[in-house]
**Q** 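Take this structure first; my questions come after.
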Amino acid sequence: MNTYPFHDEYTLAETAEKLGKQALSLGLIPSFLVRHFPDSRQYYIPNEEESEPLTPEQAYLRFKKLLEKST
């Protein structure tokens, strides 16, 4: 059985941010920005084709995919 590093929306957002920091340290992305709101977060990856904000779910999947490609 797979165990996931998140259990709710808050831990999913925290995990997405950690993956973003890993992608940044590996040079896979030039930078990223997290906008914190009282009830949610938005993630931006500059210089991407899409300039729309990402939800925590979308950011998690994007960062996870980038990290998997790099290994």
Side-chain angles (χ1 to χ4, degrees):
M1 184 169 132
N2 289 338
T3 58
Y4 295 97
F6 54 87
H7 307 290
D8 56 19
E9 188 174 343
Y10 178 80
T11 55
L12 172 63
E14 289 293 315
T15 303
E17 196 165 328
K18 287 178 187 176
L19 292 177
K21 289 178 182 179
Q22 287 178 349
L24 184 63
S25 69
L26 293 172
L28 301 174
I29 56 174
S31 64
F32 77 102
L33 170 75
V34 182
R35 295 182 76 188
H36 294 261
F37 295 97
D39 62 344
S40 65
R41 298 180 195 187
Q42 292 180 335
Y43 297 79
Y44 294 88
I45 303 172
N47 300 325
E48 290 270 320
E49 292 178 12
E50 299 175 12
S51 60
E52 295 181 21
L54 302 172
T55 64
E57 295 88 356
Q58 293 170 323
Y60 172 80
L61 292 172
R62 174 90 46 95
F63 293 141
K64 185 177 176 189
K65 187 177 180 180
L66 281 171
L67 291 169
E68 286 175 350
K69 281 184 178 179
S70 72
T71 57

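Hydrogens, waters and symmetry mates are skipped; everything else that's a heavy atom, side chains included, is used. The chain is numbered in sequence order, starting from 1.
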**Q** To the nearest 0.5 Å, what is the distance between NZ (Lys21) and CD1 (Ile29)?
**A** 11.5 Å
**Q** Return the minimal non-hydrogen interatomic distance between Leu66 and Leu28, and the atom names on each side.
**A** O-CD1, 3.7 Å
**Q** Compare every heavy atom of Glu17 with every heavy atom of Phe32, then report the nearest pair and how far apart it is.
**A** CZ-O, 3.8 Å
**Q** Where is the tightest heavy-atom contact between Ile45 and Leu54, given as atom of each residue plus distance?
**A** CD1-CD1, 4.0 Å
**Q** Closest approach of Pro56 and Ala16, non-hydrogen atoms and distance?
**A** O-CB, 3.8 Å
**Q** Check for a donor-acceptor pair, side chain of Tyr43 on one end and backbone N or O of Tyr60 on the other, with a separation under 3.5 Å.
**A** no
**Q** With rounding to the nearest 0.5 Å, note down the distance linking CD in Glu52 to CD in Gln58.
**A** 8.5 Å
**Q** Check the hydrophobic clustering (I, L, V, M, F, W, Y; side-chain heavy atoms under 4.5 Å; chains of links allowed) and say if Tyr10 and Leu61 are grouped together.
**A** no
**Q** What pair of heavy atoms forms the shortest contact from Gln42 to Phe37, and how long is it?
**A** OE1-CE1, 3.6 Å
**Q** Would you call Arg41 and Glu9 a salt bridge, using N to O less than 4.0 angstrom?
**A** no
**Q** Can you tell me how far apart CZ (Phe63) and CG (Leu24) are? Round to the nearest 0.5 Å.
**A** 9.0 Å
**Q** Compare every heavy atom of Leu26 with every heavy atom of Ser70, then report the nearest pair and how far apart it is.
**A** OG-CD1, 4.2 Å
